[in-house]
Amino acid sequence: MAKHRSIPPGFMTVGEAAKKTGVTVRTLQYYDREGLLSPSAESEGGRRLYTDKDLVMLHQIISLKSLGFSLDDIKHRLTSLETPTDVAAALTEQADGIREKIEQLTASLTAIEQLKEEVLQMQTVNFRKYADIIVNLQMKNDSYYLIKRFDDDTLDHIRNRFDKESGLDFMDRFNRLSDEMIELQKAGVSPESEECQGVVKAYWGLITEFTGGDMSMLPKLMEMGHIDTAANAWEERQKMVNAYLEPALQVYFSRLGENPFAAG
């Protein structure tokens, strides 16, 4: 580290550097002790002297710290600033990190706004449901609308029967079968057709998988699955599925020779 009798042009004391960058003197002294950012020079009186290049390095540190990196991580991520290419690379890395942070914050904001709407629609305070909705929003599970339709017993059944992976797999199969039904409905395929009945059989398989064979759950599922007025796109889609599924199920049970819903 170069030493100077006085403070030459282009250099600044730790107090001046702190004031210019909006950090505290203590922060700069801490970064110096940790070997994260050492000043470029020192006066004969022992005053630590910083340059504009040091301030650019400090900007890197502050930016990386704001993105959640630990000081140890930052030490390994700081890049040399000897050439324009070095500086551009450092700025590119910071910009990429900021974009990623913006995406995360945008997703969090969207989840909060969606949860707020769900809370207002539920009209009751139920923190277990709130927690379930938050988890499903974080997983980007578009079927989180279902949660508010379930009562506590059904939600407990779901929590005990499915983990995150199996739950997402179940909903993926459910949504794919629903899409198939909508396509058959749009194509004017009769509910009595073998094509439709094949899809209905798979759909009924999902229902029995969901209940674990407990047919006493069926009346409750019928009630929760009934949609008079759709409040969102998912419910509008499910209303279309129900309109096609109900007569198709009647055909399926008629051919099967039994009606579990009637028995419930």
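Nearest heavy atom pair, residue A17 against residue L55, reads CB-CD2, 4.0 Å. When all heavy atoms of M181 and Y203 are compared, the pair lying nearest together is CE-CD1, 3.3 Å. Pairing each heavy atom of I61 with each of I74, the nearest pair is O-CD1, 3.8 Å. Pairing each heavy atom of E180 with each of V199, the nearest pair is OE1-CG2, 3.5 Å.
Distance check, rounded to the nearest 0.5 Å: CE of M12 to CG of D52 gives 4.5 Å. Here CG of D96 is found 5.5 Å from CZ of R99. Values are rounded to the nearest 0.5 Å. The distance from the CG atom of L249 to the CD1 atom of I207 is 6.0 Å, given to the nearest 0.5 Å. The CG atom of L37 lies 13.5 Å from the OH atom of Y30; values are rounded to the nearest 0.5 Å. To the nearest 0.5 Å, atoms CG (L71) and OH (Y31) are separated by 6.0 Å. Between the CG atom in L36 and the NZ atom in K65 there is a gap of 10.5 Å [rounded to 0.5 Å].
Residues R48 and V25 fail the side-chain proximity criterion, which asks for heavy atoms closer than 4.5 Å. Two residues are said to be in side-chain contact when any heavy atoms from C-beta on lie closer than 4.5 Å; Y244 and I182 fail this criterion. Side-chain contact between D32 and P39: present, with at least one pair of heavy atoms (C-beta onward) separated by less than 4.5 Å. No side-chain heavy atom of K53 sits less than 4.5 Å from a side-chain heavy atom of S40. Within the 4.5 Å cutoff, no side-chain heavy atoms of Y50 are placed close to those of L58. Taking 4.5 Å as the limit, every side-chain heavy atom of K201 sits out of range of all side-chain heavy atoms of L256. In this structure the side chain of R33 reaches within 4.5 angstrom of the side chain of Q29, judged on heavy atoms. At a threshold of 4.5 Å between non-hydrogen side-chain atoms, the residues V189 and E183 do not count as touching.
A donor-acceptor pair is defined here as one N or O able to donate and one able to accept, closer than 3.5 Å; no such pair exists between the side chain of S254 and the backbone of Q250. Listed for the S38 side chain is no donor-acceptor partner under 3.5 Å among the backbone atoms of G35. Without hydrogens or angle criteria, S63 side chain to H59 main chain gives no donor-acceptor distance under 3.5 Å. K75 places a side-chain N or O within donor-acceptor distance of the main-chain N or O of E34, the cut-off being under 3.5 Å. A donor-acceptor distance shorter than 3.5 angstrom exists from the side chain of Q197 to the backbone of P191, with no hydrogens or angles considered.
In R47, the CZ atom is not crowded: 12 or fewer heavy atoms of neighbouring residues, nucleotides or ligands sit closer than 6.0 Å. Dense packing is recorded around CD of E16, with more than 12 heavy atoms of other residues, nucleotides or ligands lying under 6.0 Å away.
Taking the six-membered ring for Trp and thresholds of 30 and 60 degrees, F253 and W204 have ring planes more than 60 degrees apart, a perpendicular arrangement.
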Requested in this report: Step by step, work out the side chain to side chain donor-acceptor pair (under 3.5 Å) result for T24 and T27.
Outcome: CA-CA 5 Å; T24 65; T27 295; 2.8 Å; yes
Please determine whether side chain to side chain donor-acceptor pair (under 3.5 Å) holds for the pair S166 and D169, giving the CA-CA distance in whole Å, both sets of side-chain angles, and the decisive distance to 0.1 Å. CA-CA 5 Å; S166 61; D169 174 70; over 6 Å; no
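With respect to D179 and R176, no salt bridge is recorded, no charged nitrogen being found less than 4.0 Å from a carboxylate O. Ion pairing between R255 and E194 holds under the 4.0 Å rule for side-chain N and carboxylate O.
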